[in-house]
Amino acid sequence: MANQQNEDIKQAAMETVMERRSFARFNREDWVKWINGLLNEEFCEPTVTIAHHEPCIVLANVYHQLELKSQRDLFGEAVKILFETTPLIKQNTRYFRAILELLALLKPYQAKTLLRSRLFSRDFADMEDGGMNLHNLLLIVNSKYEVDEQLLEFIERTAKETSDFSYLLICLRIVSPLGGGKYLPLLEDVLSRLTEWRNAILLARELEDIMYLHGSRHFAEWYSAKLRAMSKESDIFDAFEFLEGALKKIVFPQLDLYAPVENPFNTLIAAQLHANDRFYSAKEVVRIARLYRHTGRDVTVNALVNIWNRIKTKSLSGALPWYYQSYNSKFQRLPCQVSSGQSPDSSISEKFFEDEEPELAEIFEATKDAGCRVPEMAWRKRA
Amino acid sequence: MSWEIVRDELLNNVVSLMTAEKQDDGRRWIELLGEETDGKRLGACIIIDIRSGALPAATFASILDCLDFSKEGSRVSARWAFHDAMQNHPANRADPSSCQFVCASSFSVQNSSNPQDIYVRVLDVSEFIIFVLNYNGHSSAALTREDRERAKRMYFKGFDHPWEAIDRMWSGGKGRVFVTALEDLDELISNQTDPGATVNDALGLGMKGEIDFVAVKYEPGTALTVHQPTTLDGNWANDNWYVSCKGHDNWGLTHRCSGVGSAARERVHKALPLIPEGFSGVHIGPPIAPVQEDRDKLLEDAFGRM
């Protein structure tokens, strides 16, 4: 009888231990100990499958499997406590990396102020783990909360001071959702530090994603205007060329002006990028011009001027990129005519009527005013 | 095969090589090992590695010489005790950020010219961010949904979209990367309605939570030395699905978490400080079905592979 009782007591004690070790019954202190233990590779129960996965990922998945929000909130509080109380020493870099990754996911409200103050103090500036600078990660974490004026000002100021390209890309990414072309001034700062091809590729990827998420209009307008104003004397000439090369390779590898236009701004950008290595047929030139219906006049004119300048510069034969003629006749309704510089044969030129498409005629006139026309001497010679 | 055989071989071939004053600890450890299913598996894996010639018994003996039963974890879990002993081995103490025993198998292939040896690394997209993107200066948080989606958009358009500006790969804290053969991955996921669940099971990943698998394809001809995995490539501080293997043309074999179906080949390599351009990625997907686990079959397989 006594033996049976002892066995029962032992069994009950084990069951209590098993119950207490279930995540569902964890309180905040339990979570602090367990998360800390796992990150320190101490023995902790319940055990979880880690295998060769990173601890922060394992912890995130434990979090995702918690059924109740109250449990998840306790988890978040525990991570915040660990962030607050772990000494800021280099030996804890790996530990902090995991904690910061979790804070980006969990965003516990109690951590916001501390995260902001640590960022402004640059507490993690010289800590790096696996290629990730923890100050950069801390900036990302802060951006998961509201990006207010204070944080924006910090980003804009520090972007001008840093030479860390990775940091600059993060700044660009954080500012881009704020609306409009707010990220474009920052893009200029990024360009001023673009000196390597590999960074141009990373920037192109980032811009591709920004355009995917927020549309291409602002970038198209910026790019077209910038290209038009660009000169070899510009400080960012080389960087701009790098960027163009990367955009052409990664984002706009092909241009098919005969396919349905899904994104007119993208088409305008691509047409300018590819003008470096091809002529456009008359039909293509007019198709590009007709994009004004979706993109607006100014950016379309800029794009056409850029295309003209590019083709003209590269043309070995001296042929102009295209010829545009309009006729004013009281007696006959004559179409405006665009013919390609590559094959100026009027039989394969593209025609349209000014009274049907007055804005299109205006676009071509505007390009003529900007210099996209037969030079005066050559015109006289032709005449 | 049985636990008794494993136990006796450990005692006779490993503990006997330990320093005299630590052999009691070795025996105590083996007794503790036999108290849990996964402990027995650890023991079986060690025996497989020794019998196959992948690792000498002396290596394990030197690790067990570092057992420390003053720690609570060592008294409760033989697997954790083993992990702790590895961490505290003199070879590892100099650089705690990586393990000196990984990729240690004598069965290895250097710069394989076999056209079949095209490797893929299957991982969760968060791991890709940590191991690849952040290591190449394209920094991002790893765990949030928006960052994971962005990584997929940017880098996982398909194997016909090779990456540029990705010329480094990190292996993680332990210093080793598990890879499988592209051929095996193709066979696993082709015509599957739930490829994420298939790889989670077949590759012995057993991940739970918000998972989304991607595959990183190595550029054929990448200069690297790959090894058949050993016990020491596993992480024994917590749970895993690892089983050692012998005699498989320098490949290891995974074990399916469900215990049902065929395994896939696997190898390990150390961190690649420089990789050629041309790596590419494909999105496999999140597992729809939860992972089915059968640890009894895992142990059965371990004994079977001896």
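Per chain, numbering begins at 1; letters A, B, ... match sequence-line order.
Annotation: residues 134-146 of chain B contacts chain A through B:Asn134, B:Tyr135, B:Asn136, B:Gly137, B:His138, B:Ser139, B:Ser140, B:Ala141, B:Ala142, B:Leu143, B:Thr144, B:Glu146 [non-hydrogen atoms, separation under 4.5 Å]. Of residues 167-176 of chain A, those residues lying under 4.5 Å from chain B by any heavy-atom pair are A:Leu169, A:Ile170, A:Arg173.
Only the side chain of A:Leu38 comes within contact range of chain B, with heavy atoms under 4.5 Å apart. Proximity to chain B (any heavy atom under 4.5 Å) is shown, for A:Leu106, by neither the backbone nor the side chain. The contact between A:Leu137 and chain B is made entirely by side chain atoms (from C-beta outward), counting heavy-atom distances below 4.5 Å. Heavy-atom distances place no part of B:His161 under 4.5 Å from chain A, backbone and side chain included. Both the backbone and the side chain of A:Ile50 come within contact range of chain B, each with at least one heavy atom under 4.5 Å from a heavy atom of that chain. Of the atoms belonging to A:Glu101, heavy atoms from both backbone and side chain fall under 4.5 Å from chain B. Contacts between B:Asp167 and chain A at a heavy-atom distance below 4.5 Å involve backbone atoms as well as side-chain atoms. With a 4.5 angstrom heavy-atom cutoff, B:Leu133 does not touch chain A via any of its atoms. Heavy-atom distances place the side chain of A:Gln65, and not its backbone, under 4.5 Å from chain B.
With chain A as partner, the option from B:Arg168, B:Met154, B:His83, B:Lys71 having the largest number of non-hydrogen pairs under 4.5 angstrom is B:Met154. Taking chain B as the reference chain and counting heavy-atom pairs below 4.5 Å, the highest number among A:Ser143, A:Gly130, A:Ser166 is found for A:Gly130. When B:Gly206, B:Gly234, B:Gly73 are compared by the number of non-hydrogen pairs under 4.5 Å with chain A, B:Gly73 comes out ahead. Options A:Val48, A:Leu102, A:Val141, A:Val62 differ in how many heavy-atom pairs under 4.5 Å they form with chain B, and the most are formed by A:Val48. Taking A:Lys107, A:Glu196, A:His64 one by one and counting their heavy-atom pairs under 4.5 Å with chain B, the maximum is reached by A:His64. By number of non-hydrogen pairs under 4.5 angstrom with chain B, the leading residue of A:Ile57, A:Ile140, A:Leu105 is A:Ile57. With respect to chain B, the highest number of heavy-atom pairs below 4.5 Å among A:Trp197, A:Phe165, A:Tyr212 belongs to A:Tyr212. Options A:Lys249, A:Met132, A:Arg205 differ in how many heavy-atom pairs under 4.5 Å they form with chain B, and the most are formed by A:Arg205.
Between the B:Glu277 side chain and the B:Ala165 main chain, a donor and an acceptor come within less than 3.5 Å of each other. Counting only distance, with no hydrogens or angles, the side chain of B:Asp201 and the backbone of B:Cys257 share a donor-acceptor pair below 3.5 Å. At least one donor-acceptor pair closer than 3.5 Å links the side chain of B:Trp80 to the backbone N or O of A:Glu41. For B:Thr231 (side chain) and B:Cys45 (main-chain N/O), a donor-acceptor pair under 3.5 Å exists by modelled atom type. Without hydrogens or angle criteria, A:Asn142 side chain to A:Leu151 main chain gives no donor-acceptor distance under 3.5 Å.
Two rings, from A:Tyr63 and A:Trp31, have their centers 6.0 Å or more apart. A distance below 6.0 Å separates the ring centres of B:His89 and B:Phe101. Residues B:Phe128 and B:Phe156 bring their aromatic ring centres within 6.0 Å.
Both tests pass for B:Arg121 against the ring of B:Phe131: distance under 6.0 Å to the centre and angle within 45° of the axis. A:Arg118 forms a cation-pi arrangement with A:Phe83, by the criterion of a distance under 6.0 Å to the ring centre and an angle within 45° of the ring axis. For the pair B:Arg295 and B:Trp241, the cation-pi criterion (under 6.0 Å, within 45° of the ring axis) is fulfilled. Geometrically, B:Arg28 engages B:Phe69 in a cation-pi contact, judged by NZ or CZ lying under 6.0 Å from the ring centre and within 45° of the ring axis.
Residues B:Trp236 and B:Asp38 have side chains not in contact (no heavy-atom distance under 4.5 Å, counting atoms from C-beta outward).
Side chains of B:Asn88 and B:Asp84: a donor on one and an acceptor on the other come within 3.5 Å. Side-chain atoms of A:Asp129 and A:Thr93 include no donor-acceptor pair closer than 3.5 Å.
Residues A:Asp164 and A:Arg193 are not paired through a salt bridge, judged by the lack of any N-O separation under 4.0 Å between the basic side chain and the carboxylate.
Crowding of B:Phe159 atom CZ: a count of heavy atoms from other residues, nucleotides or ligands under 6.0 Å exceeding 12. Remark: A:Glu161 CD is packed, more than 12 non-hydrogen atoms of other residues, nucleotides or ligands lying under 6.0 Å away.
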